[in-house]
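These notes are about the structure you will find just below.
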Amino acid sequence: MLDSAAPPGSVPPPGSAADARNDLPHGIVRTAGVRLQRLIGEIVVDLGYATRERVESAVESARRHGRPTGEVLVGEGVLTADQLARVLAERFGVDYVDLSEFRVDQAAIHLVPAETARSFESLPVGFLPDGTLLLATADPANVVVRDDIAMLTQRPVHPLVASRDELVALIAKVARLDEVAEAHESGPVETGPEEILLGDGREADDAPVVKLVHSIVAEAIEVGASDVHFTPEGREMRVHYRIDGVLAPSSTIPGGLVRGVVSRLKIMAALDISERRRPQDGRLTMELGTRSVDVRVVTLPLVEGEAAVLRILDHGGGVIDLAGLGLIEHDERRLRAALAQPYGAVLVTGPTGSGKTTTLYGALGTLNTIERSILTIEDPVEYRIDGIRQMQVNERAGVTFAAGLRSMVRADPDVIMVGEIRDRETAQIAIEAALTGHLLLSTLHTRDAATAIPRLIDMGIEPFLVASAVDCVVAQRLARTLCANCKEQVELSPELLLEAGFDADEPLFCFGPRGCGRCGGTGYRGRVALFEVMAVSEEIRSLVMRSASGDAIAEAAATNGMRCLRDDGLDKVRAGLTSLAEVARVAGSQ
């Protein structure tokens, strides 16, 4: 058989990166590290990708037409592009990278211009712990390209063979992100007068920094991240994305770019880049194609340097209807009954990032009719809804939740939504509004539905006012959804269920995470909400009047038919939506 897919010449083992090969990231398949004195067709057969007869036929066709063997093997359907890359990796003793599973480092891909990467058919995709550059290439025999990129980046290179199709698609994506960055770079940037004459501003406007920052944010939006964390670590900076509620590593920003990246984020968010000793917060808007994305930026002066956290508010997701939130029929009926009242308070509780605002928007969608006047005050306005008048908190201008709510009450509303009850003044005005003919929707930070009542009393609201005003409290959490592509059936013993806090006399057959390319190896993709809905009965009102504890209120609510978060979570485990470990993580094990 003719090895016409490989140009002549020997490719040595990775060399300077050889000692780091045991630390290769997920998505990379190791090879022996030495070039095999065997033909491609033999390796195809040994790997079980095709029969010897099919390979011989393809090789003969390649000889006849003067085409590379690998190209013919793929063209005739004997191999996929991924399988060919795997074969070439074995042939040349170069590690293989599956770009569909490997997490590409944004700081690495911008070390080489997209046009250079396209001409070389090679792209840096990450770093080894010792700083060696991981270089994905479609042609492992081209030593010259590897040497050129090592000289260009001033780093040792560890080559990886990638599927040509995947590599071309990735380079095209990088080029598109560069175009987005350049478009933003040429546009106006809001800055304060104190920023104009600072050296940091020049550093922050360097093209590599601009492209890197915009690429990181664009990728975060593309993978569905809710937050991006820029954390200094030594001379470098680590970037993590919060995806489905869990932090995952993304990039490592080299020390030479760290200061410029933080300054660039500050300039984009109209913050003072000369101030590094106190926290700052601001906002920016990014246009990605037809999508408009608002980003909240917070900077923190840490011991090792300035950190930044970006909260991404993607308006492209749309508002979820109340029926699509994942409430069981019993709980949805209770919530709808409270929303059908002409006045009273409906509260949604839970920690930050638990989907409270999404639930409120779902409720507003139910109430949004031409007969009702609906006003909201939010920080920030996450979704703009036709037919609803929405107000943005602006503390610099004196528009706080309390001040805005006080004005809204005088504007003849039927329904008022307050983004969050944070202090006594806001709580007092909100409760009074609920008692004077308005339906009030708001959020509160408490661990469960029952403790929302004592929380309001602790804020200084009289028990009799709370008892009269509050009609329904919803507590919720977000649990990761099992990946539909790779979830596997598991059997949970009664002992394991008991250890997790669930009483059981027999095993539970459900599903658990495994991990695949589609879910990034986590076993989860997307999130599902867990709920508990507490309708405030007369018994509960009586307890509130006596300033009863949250536990006493929870016990009365359970007697009245309330299902707790963990009960709802167990039902969703049985339905194959999530795992028991995930329910225990977000709702507690006891």
Side-chain angles (χ1 to χ4, degrees), residues 244-245 317-341 344-369 374 382-383 385 415 417 419-420 439-453 470-482 484 502 510 524 526-537 540 553-554 556-580 582-588:
D244 295 334
V319 179
I320 298 177
D321 183 74
L322 194 62
L325 292 175
L327 290 154
I328 65 166
E329 183 180 353
H330 169 77
D331 289 343
E332 186 178 338
R333 188 166 58 248
R334 285 186 162 204
L335 178 56
R336 287 186 182 275
L339 295 173
Q341 299 300 315
V346 176
L347 304 177
V348 183
T349 75
T352 300
S354 60
K356 301 184 297 296
T357 303
T358 300
T359 299
L360 286 183
Y361 278 123
L364 287 178
T366 300
L367 298 168
N368 189 13
T369 63
I374 302 177
E382 294 190 19
Y383 299 100
I385 307 174
V415 179
M417 188 191 96
E420 183 183 344
L439 179 61
L440 178 101
L441 311 180
S442 190
T443 70
L444 203 60
H445 285 274
T446 63
R447 68 183 185 189
D448 55 29
T451 53
I453 304 296
V470 180
D471 288 330
C472 182
V473 183
V474 179
Q476 66 181 78
R477 301 288 189 277
L478 290 177
R480 290 180 294 172
T481 306
L482 288 166
F502 297 95
C510 55
Y524 298 94
R527 289 195 283 181
V528 61
L530 313 182
F531 292 98
E532 65 181 28
V533 179
M534 184 182 79
V536 180
S537 63
I540 292 175
I553 293 172
T559 304
N560 194 39
M562 183 187 78
R563 300 167 69 259
C564 71
L565 285 165
R566 294 173 67 254
D567 291 335
D568 191 38
L570 188 58
D571 283 347
K572 282 162 182 170
V573 170
R574 291 191 182 100
L577 296 175
T578 189
S579 68
L580 191 71
E582 187 66 7
V583 171
R585 182 182 72 85
V586 301

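Note: hydrogens, waters and symmetry copies are ignored here, and every other heavy atom, side chains too, is used.
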Please assess L580 against L570 for the test side chain to side chain contact (heavy atoms under 4.5 Å, CB included), listing each intermediate value before the final yes or no. CA-CA 7 Å; L580 191 71; L570 188 58; 4.0 Å; yes
So does [Y] get a backbone contact from the side chain of [X], meaning a donor-acceptor N/O pair under 3.5 Å?
X: K356; Y: L347; value: no
X: K572; Y: G326; value: yes
X: Q476; Y: G355; value: yes
X: D568; Y: F531; value: yes
X: T443; Y: V348; value: no
X: D471; Y: V346; value: no
X: H330; Y: G561; value: yes
X: E532; Y: L565; value: yes
X: E582; Y: A479; value: no

Determine whether [X] and [Y] make a side-chain contact, defined as any pair of heavy atoms from C-beta on separated by less than 4.5 Å.
X: Y524; Y: T481; value: no
X: S579; Y: R480; value: no
X: L441; Y: L367; value: yes
X: V536; Y: I540; value: yes

For [X] and [Y], work out which heavy atoms get closest and say how close.
X: G419; Y: S442; answer: C-OG, 4.5 Å
X: A452; Y: T349; answer: CB-CG2, 3.8 Å
X: M562; Y: V533; answer: CG-O, 3.4 Å

Pick out which of I553, V474, D448 makes a side chain to side chain contact (heavy atoms under 4.5 Å, CB included) with M534.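 Between M534 and the candidates, side chain to side chain contact (heavy atoms under 4.5 Å, CB included) is satisfied uniquely by I553.
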Checking T578 against V573 for the side chain to side chain contact (heavy atoms under 4.5 Å, CB included) test, could you report, in this order, the C-alpha distance in whole Å, the side-chain angles of both residues, the deciding distance, and whether it holds? CA-CA 5 Å; T578 189; V573 170; 4.0 Å; yes
Are D571 and R574 close enough, and set up right, to give a salt bridge (Lys or Arg N to Asp or Glu O under 4.0 Å), and what steps lead you there? CA-CA 5 Å; D571 283 347; R574 291 191 182 100; 3.1 Å; yes
